[in-house]
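Input: a single structure, listed below in structure tokens.
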Amino acid sequence: GSAQDRGGTLALLPLKLVDGSNQVLPGPSGVIFTQHDSRLPQGAQPGAPLPNATATPGPLYFAADRLHASGIDTLLVGDQSPTSTLRPQVPVGFAGDVDLSLARALVFNAPRYALLADGATGFGDLADSGQVTLSAAYVGLNGWQSPNSAAAVLAEPQAPGATTLTVNATQIDLGGQFALDGVGEARLSSSGALRFHTPADYAYLLDANGIATPRAGELLTAGNLTFSAAQLYPASGETFLVRALGALGADGTRADTSIHIQAQGDTLLEHAVGAGDIWRMCQTKDIPIRDWVKLAVNRARASGSPAVFW
């Protein structure tokens with residue numbers, strides 16, 4: 001495309017290569033974003049096999065700068081409708097400092113999001129420091145799983161370095177079950193709503209007998225979390241777990257983490273969360289607290305119902 005083009009959509013979809021029931025090549029081990037370097041081998045030609053290709057699965061690399069002036073304003077990463085084993089769910093990583101910004105939408109679906117060292121060639125090399133920024137009108141960070149898949153058991157994240165993941169959008173959705181690995185600070189900021197939502201097709205599990213059981217959404221991290229939005233809520237009838245565990249130390253204890261709730265730049269709630277703590281958010285209006293008896297009497301009179309105090 002060109003700088004004048006608009007409305008393009010690009011999907012990065014990991015696939016296995018099969019011949020009937022036989023696997024010819026496994027899918028990639030993950031998707032790794034860099035800022036500039038797509039790691040394309042020297043001598044690679046469009047439509048031709050990659051030189052020195054092997055059957056050993058490796059990451060799919062993508063350079064964020066390739067989207068500049070491309071006409072692409074929506075990026076889909078991972079299987080957005082997971083139903084097939086031919087499209088495996090793989091982790092998404094960001095190697096070094098990455099600034100990924102599109103006009104319309106960034107939508108990810110992966111069981112794990114990792115901040116990796118600059119030049120990393122796999123998901124075991126987490127970053128000691130760095131900054132990753134994701135910006136779009138709409139950002140979805142999801143970990144949707146097929147109802148026929150095994151129950152999602154998220155691997156415990158490793159101790160993070162001095163790293164920050166920043167998400168800026170008008171609308172943010174978090175859904176499914178996923179972990180943030182190597183993320184010291186996650187700052188999710190929406191000028192509109194920040195919603196915890198898993199589509200109905202992925203909000204349950206099917207056992208061997210075809211019996212469906214609800215499956216809660218889950219975000220797991222070993223770092224700190226900051227949510228900043230005009231509205232912050234789970235979708236109706238849904239359960240979503242936010243687990244800021246804190247990194248596990250050599251002595252078996254966990255580091256404290258913190259959860260922040262902000263609105264229009266002002267911090268409304270800030271809590272340190274330690275091992276074994278249960279963090280619960282509630283809301284109370286000012287007027288009922290000031291004069292709850294008068295409010296109850298007025299309501300009883302207006303509705304014609306008796307008021308009982310005890």
With a 3.5 Å distance limit and no angle check, can you tell me whether [X] reaches the backbone of [Y] through a side-chain donor-acceptor pair?
X: T163; Y: A127; value: no
X: Q89; Y: W144; value: yes
X: D79; Y: S81; value: yes
X: Q177; Y: A216; value: yes
X: Q80; Y: G78; value: yes
X: D73; Y: G7; value: yes
X: D125; Y: A120; value: no
X: E238; Y: T198; value: yes
X: R299; Y: A307; value: no
X: D173; Y: G140; value: no

Quick one: [atom1] on [X] to [atom2] on [Y], what's the gap to the nearest 0.5 Å?
X: S146; Y: L205; atom1: OG; atom2: CG; value: 9.0 Å
X: F196; Y: L241; atom1: CZ; atom2: CG; value: 10.5 Å
X: L10; Y: T74; atom1: CG; atom2: OG1; value: 10.0 Å
X: D99; Y: L134; atom1: CG; atom2: CG; value: 8.5 Å
X: T170; Y: R104; atom1: OG1; atom2: CZ; value: 13.0 Å
X: N142; Y: L174; atom1: CG; atom2: CG; value: 7.5 Å

Original post:
Taking the six-membered ring where the residue is Trp, are the ring centres of F178 and Y113 under 6.0 Å apart?
Top reply: yes
Original post:
Would the F94 and F62 ring centres measure less than 6.0 Å apart?
Top reply: no
Given the rule that I, L, V, M, F, W and Y join up when any side-chain heavy atoms are under 4.5 Å apart, are [X] and [Y] in one cluster?
X: F123; Y: L115; value: no
X: L141; Y: V92; value: yes
X: L116; Y: L60; value: no
X: V167; Y: L225; value: yes
X: V107; Y: F33; value: no

Considering all heavy atoms of both residues, which atom of [X] and which atom of [Y] are nearest to each other, and what is their separation?
X: P91; Y: S29; answer: CD-O, 3.4 Å
X: A169; Y: A137; answer: CB-O, 3.7 Å
X: G119; Y: A95; answer: N-CB, 4.3 Å
X: A155; Y: A179; answer: O-CB, 4.3 Å
X: V90; Y: A110; answer: O-CB, 3.3 Å
X: A63; Y: H36; answer: CB-O, 3.4 Å

**OP:** For the pair L180 and L165, evaluate side chain to side chain contact (heavy atoms under 4.5 Å, CB included) and give the outcome as yes or no after the intermediate values.
**Re:** CA-CA 9 Å; L180 302 179; L165 171 64; 4.3 Å; yes
**OP:** Test side chain to side chain contact (heavy atoms under 4.5 Å, CB included) on Y138 and S190 and set out the steps.
**Re:** CA-CA 9 Å; Y138 173 80; S190 171; over 6 Å; no
Any non-hydrogen side-chain atom of [X] less than 4.5 Å from a side-chain atom of [Y]?
X: Q158; Y: L126; value: yes
X: L75; Y: L12; value: yes
X: Y204; Y: P214; value: no
X: P157; Y: L220; value: yes
X: F240; Y: E218; value: no
X: P14; Y: V31; value: yes

**OP:** For side chain to side chain contact (heavy atoms under 4.5 Å, CB included), just list the numbers for L100 and L106, CA-CA rounded to whole Å, side-chain angles, deciding distance to a tenth of an Å, and then say yes or no.
**Re:** CA-CA 9 Å; L100 181 57; L106 290 170; 4.0 Å; yes
**OP:** Walk me through it: do L76 and T9 pass the test side chain to side chain contact (heavy atoms under 4.5 Å, CB included)?
**Re:** CA-CA 8 Å; L76 309 177; T9 297; 4.1 Å; yes
Original post:
Under 6.0 Å from the CG atom of D128, do we count more than 12 heavy atoms belonging to anything else shown?
Top reply: no
Subject >> Single hit among T221, T164, N224 for side-chain hydrogen bond (donor to acceptor under 3.5 Å, both in side chains) with E185 >> reply: N224
**OP:** For D97 and Q35, run side-chain hydrogen bond (donor to acceptor under 3.5 Å, both in side chains): C-alpha distance rounded to whole Å, both residues' side-chain angles, the deciding distance at 0.1 Å, then the answer.
**Re:** CA-CA 7 Å; D97 292 346; Q35 190 64 47; over 6 Å; no
Subject >> Y61-D37 side chain donor-acceptor pair, cut-off 3.5 Å >> reply: no
